[in-house]
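Structure first, commentary second.
Along the sequence shown, the residues carry numbers beginning at 1.
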Amino acid sequence: MSKNTSNSLGLFTRSVLATLLLLVSGYADASPNELTDVLDRVAVLNIDRNGYTLGKALTDAQKNTVRRHPVEIDNPNLYKFKDGGLYIVIEKTTDRVIIMYEQYDETSRKEIRELVGTLFLDFGEPTVFTHDKVIYWAWGQNGKFSSEAFKTAKKKKQPLKVSATVKLNSSLEIMGAKEDKEPGSVYYIVSSDPALKLIHSR
């Protein structure tokens, strides 16, 4: 992969993540009770990556990882750290998980498939699998939405009430058969749009 192409992919994934972080930039004015209620509902869904659960507070052992592997973040109300390949963004007052993500540039289709396989093991069948490059898992208050529920809601033009999502985007066709001349990039993001919108709107 050329340097310019690699830089372009890196900038793209960083811009997506920056957009998510901008959503939480207004946290200082958010109602703690409202946010807590939303995160409580998200936490019971048990959307977990590597022992971290969206909406749940960090354990003491995880806080030790924070101290060992901090990552700079431009927001005084949040902190961020890395555990292996996983980045975690935390609300500072409650130590609760707000966002989790991984991103890989200059990676092969095989490595992308391995990551997808891991997510399938963790989250089961996805809610949406489009264009062979995008995979989307979505949860409501009562659990994960099936692909059938998504298709029915789309057909009836009745949007699902989504509490949390896992979104994966690959620059290469995940199941494609052709040989790739250049490596690609992949990222996934675990977040709760209702929580982020609440934080942003307050």
Side-chain angles (χ1 to χ4, degrees), residues 13 16-17 19-24 26-27 30-59 62 78 80 83-91 94-103 112-170 174 186-202:
T13 54
V16 172
L17 299 168
T19 300
L20 273 177
L21 294 176
L22 280 173
L23 285 174
V24 296
Y27 173 71
S31 164
N33 290 336
E34 288 179 280
L35 182 61
T36 296
D37 288 344
V38 171
L39 291 176
D40 283 345
R41 291 194 293 271
V42 170
V44 299
L45 297 172
N46 287 315
I47 303 171
D48 178 279
R49 280 297 289 153
N50 299 348
Y52 298 93
T53 304
L54 189 67
K56 286 188 178 181
L58 298 178
T59 65
Q62 290 168 342
L78 306 172
K80 178 179 174 183
D83 189 343
L86 183 68
Y87 290 89
I88 306 102
V89 178
I90 304 295
E91 193 278 311
T94 61
D95 291 321
R96 298 178 80 157
V97 177
I98 301 297
I99 299 170
M100 296 181 281
Y101 69 91
E102 290 185 63
Q103 63 181 65
I112 291 172
R113 286 175 175 171
E114 288 173 351
L115 176 60
V116 168
T118 298
L119 296 180
F120 266 67
L121 286 174
D122 282 353
F123 306 126
E125 291 294 319
T127 305
V128 181
F129 195 166
T130 62
H131 307 300
D132 210 17
K133 293 184 178 182
V134 177
I135 307 177
Y136 181 90
W137 291 261
W139 287 260
Q141 290 190 20
N142 297 318
K144 190 182 68 179
F145 291 115
S146 66
S147 59
E148 289 77 15
F150 174 81
K151 291 174 184 176
T152 299
K154 186 177 180 180
K155 185 176 180 180
K156 293 182 177 180
K157 298 182 180 179
Q158 296 176 346
L160 297 172
K161 294 183 178 180
V162 177
S163 298
T165 58
V166 177
K167 302 174 185 177
L168 178 140
N169 194 304
S170 168
I174 297 166
V186 64
Y187 68 87
Y188 72 86
I189 301 172
V190 183
S191 64
S192 167
D193 286 350
L196 295 177
K197 288 177 181 177
L198 175 63
I199 291 169
H200 180 61
S201 65
R202 292 290 175 175

Can you name the closest pair of heavy atoms from [X] and [Y] and give their distance?
X	Y	result
I99	S191	CG1-CB, 4.4 Å
R49	E102	NH2-OE2, 3.0 Å
P194	V162	CG-O, 3.3 Å
L39	A195	CD2-CB, 4.0 Å
S192	S163	OG-O, 2.7 Å
S170	I112	OG-CD1, 3.5 Å

Taking only residues two or more places apart in sequence, or in another chain, which ones meet [X] in a side chain to side chain donor-acceptor pair (under 3.5 Å)?
X	value
T53	D48
K56	N46
D95	K63, Y79
Y52	D83

Looking at [atom1] of [X] and [atom2] of [Y], how far apart are the two atoms once the value is rounded to the nearest 0.5 Å?
X	Y	atom1	atom2	value
I88	I90	CD1	CD1	6.5 Å
M100	Y188	CE	OH	7.5 Å
T165	I47	OG1	CD1	8.0 Å
D122	N50	CG	CG	7.5 Å
T127	F145	OG1	CZ	8.0 Å
I98	L35	CD1	CG	5.5 Å

For residues 129-142, the salt bridge (Lys or Arg N to Asp or Glu O under 4.0 Å) pairs (sequence neighbours left out) are none

Keeping Q103 on the side-chain end and Y87 on the backbone end, is there a donor-acceptor pair under 3.5 Å? no

Who passes side-chain contact (heavy atoms from CB on, under 4.5 Å) against [X], sequence neighbours left out?
X	answer
K156	T152, Q158
S147	none
V44	none

Go through V116 and L168 one step at a time and tell me if the side chain to side chain contact (heavy atoms under 4.5 Å, CB included) criterion holds. CA-CA 8 Å; V116 168; L168 178 140; 4.0 Å; yes

Quick one: list whatever passes ring pair (Phe, Tyr, Trp, His ring centres under 6.0 Å) with F123, sequence neighbours left out. W137, W139

Residues in salt bridge (Lys or Arg N to Asp or Glu O under 4.0 Å) with R96, at least two apart? D40

Could you check I135 against F120 for side chain to side chain contact (heavy atoms under 4.5 Å, CB included), going step by step and ending with a plain yes or no? CA-CA 10 Å; I135 307 177; F120 266 67; 4.1 Å; yes

